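Here the structure is a predicted model, which means the values were calculated and not measured.
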Amino acid sequence: IEEIDGLAALRLVRAAERAGAERFLWLTPLGASPHHRSRVHRAKALAERAVTASGLSTATIASSLVYAPGDRRLQRIERLTLLPAVPLMGSGGARLQPIWADDVADCVLSALDRRADGRFELAGPDVLSHREVVRLTLKAAHRRRRLVPVPLTVVRPLLLAHETMAGP
């Protein structure tokens, strides 16, 4: 994770500098910080530091969860709706503001056209819990299923076992 989401950004910036690029645009998730629980978010925060420390004109676009047709997160939820009951990690209360991929693309193009430097944060207009996202997915699939919260104390060992078998 650190290699792909962290060091690769530094390599990209250095390559852009060597190539004589004048501008560098970086996309990162909202909430990425060096102290985040998620390794991906920590690596993205370090990558953002490398980008902003470069000598290039830079714009960072930090977005909430981006979704589009064929989105693997939504496909994963939709596959779970085939079960008699849909498991939710924890209470399903985690909140997010999903944003449509086309809207993010419009913002990226605008940042390139305006040559504005700095950090720009993007989020969709609706604040939804994970539970609400699952319910919307069920409704779109025309399925009725019970939602079953799975305590994080049960989820963590399952994820660790999966990582042990499948790799990090």
Side-chain angles (χ1 to χ4, degrees), residues 1-9 11-12 25-48 51 59-112 119-168:
I1 288 173
E2 288 79 4
E3 175 67 28
I4 298 295
D5 290 320
L7 292 176
R11 291 186 182 115
L12 284 170
L25 184 73
W26 181 250
L27 281 88
T28 193
L30 267 177
S33 78
H35 308 289
H36 198 280
R37 287 188 339 214
S38 161
R39 284 176 62 195
V40 171
H41 280 68
R42 290 192 304 267
K44 292 284 190 181
L46 295 174
E48 184 177 346
V51 168
T60 297
I61 296 179
S63 69
S64 182
L65 179 69
V66 180
Y67 70 99
D71 183 273
R72 66 188 166 116
R73 288 177 201 94
L74 292 176
Q75 286 178 341
R76 192 175 313 127
I77 294 170
E78 191 169 351
R79 280 194 294 267
L80 287 172
T81 69
L82 296 170
L83 297 171
V86 180
L88 293 174
M89 283 192 359
S91 67
R95 309 207 54 81
L96 53 130
Q97 287 180 262
I99 186 166
W100 186 240
D102 289 348
D103 293 338
V104 174
D106 288 342
C107 291
V108 166
L109 292 174
S110 179
L112 288 171
R119 180 183 169 91
F120 305 93
E121 296 186 348
L122 307 177
D126 300 316
V127 179
L128 302 171
S129 69
H130 180 64
R131 179 181 291 273
E132 290 168 318
V133 170
V134 172
R135 283 194 176 127
L136 286 170
T137 306
L138 280 165
K139 185 176 180 179
H142 305 289
R143 295 189 184 109
R144 293 180 61 156
R145 300 288 189 270
R146 182 172 175 214
L147 305 183
V148 179
V150 179
L152 293 178
T153 54
V154 173
V155 172
R156 282 189 188 103
L158 291 174
L159 290 175
L160 286 173
H162 178 270
E163 184 177 47
T164 301
M165 293 185 324

Checklist entry - Which heavy atom of G90 sits nearest a heavy atom of L152, and at what distance? => result N-CD2, 3.8 Å
Checklist entry - Is the closest side-chain heavy-atom distance between K139 and R135 below 4.5 Å? => result no
Item to check | Side chains of L128 and P98 in contact at under 4.5 Å (non-hydrogen atoms) | outcome: yes
Item to check | Trace of the side chain to side chain contact (heavy atoms under 4.5 Å, CB included) decision for V51 with T28 | outcome: CA-CA 11 Å; V51 168; T28 193; over 6 Å; no
Item to check | Exercise: identify the closest heavy-atom pair between P87 and A85 | outcome: CD-O, 3.5 Å
Next on the checklist: Between L74 and V133, does the side chain to side chain contact (heavy atoms under 4.5 Å, CB included) criterion hold? Intermediate values first, please.
Outcome noted: CA-CA 9 Å; L74 292 176; V133 170; 4.3 Å; yes
Checklist entry - Do the charged groups of E78 and R76 touch, with an N to O distance under 4.0 Å? => result no
Item to check | S64 side chain vs Q97 backbone, donor-acceptor pair below 3.5 Å | outcome: yes
Checklist entry - Can you name the nearest heavy-atom pair linking S91 to P149, along with the distance? => result CA-CB, 4.3 Å
Item to check | N/O donor-acceptor pair under 3.5 Å between R42 side chain and R37 backbone | outcome: yes
Checklist outcome for this item: Smallest heavy-atom separation, A45 atom then P34 atom, equals CB-N, 3.6 Å
Next on the checklist: Run the side chain to side chain contact (heavy atoms under 4.5 Å, CB included) test on L88 and H130 for me, step by step, so that the C-alpha distance in whole Å, both residues' side-chain angles and the decisive distance to 0.1 Å come before the verdict.
Outcome noted: CA-CA 8 Å; L88 293 174; H130 180 64; 3.7 Å; yes
Checklist entry - Given side chains that start at C-beta, do those of L30 and L65 come closer than 4.5 Å, heavy atoms only? => result no
Next on the checklist: If I compare all heavy atoms of P69 with all of W100, which pair ends up nearest, and what's the gap?
Outcome noted: CD-CH2, 3.2 Å
Next on the checklist: In the structure I gave you, are the side-chain heavy atoms of L27 and V104 within less than 4.5 Å of one another anywhere?
Outcome noted: yes
Next on the checklist: I need the D126 CG to R95 CZ distance, nearest 0.5 Å.
Outcome noted: 10.5 Å
Checklist entry - Quick one: do the R119 and T60 side chains pair a donor with an acceptor below 3.5 Å? => result no
Item to check | Derivation and outcome, side chain to side chain contact (heavy atoms under 4.5 Å, CB included), residues L122 and D103 | outcome: CA-CA 9 Å; L122 307 177; D103 293 338; over 6 Å; no
Checklist outcome for this item: Closest heavy-atom pair, G124 versus I99, reported as atoms and distance to 0.1 Å, is N-CB, 3.6 Å
Checklist entry - Which distance, rounded to the nearest 0.5 Å, do you find between the OG of S33 and the NE2 of H36? => result 6.0 Å
Item to check | Backbone of Y67 reached by a side-chain donor or acceptor of R73 within 3.5 Å | outcome: no
Checklist entry - With distance as the sole test, does R145 use its side chain to make a donor-acceptor pair with the main-chain N or O of T81 at under 3.5 Å? => result yes
Checklist entry - So do L80 and V134 actually touch side chain to side chain, heavy atoms under 4.5 Å? => result no
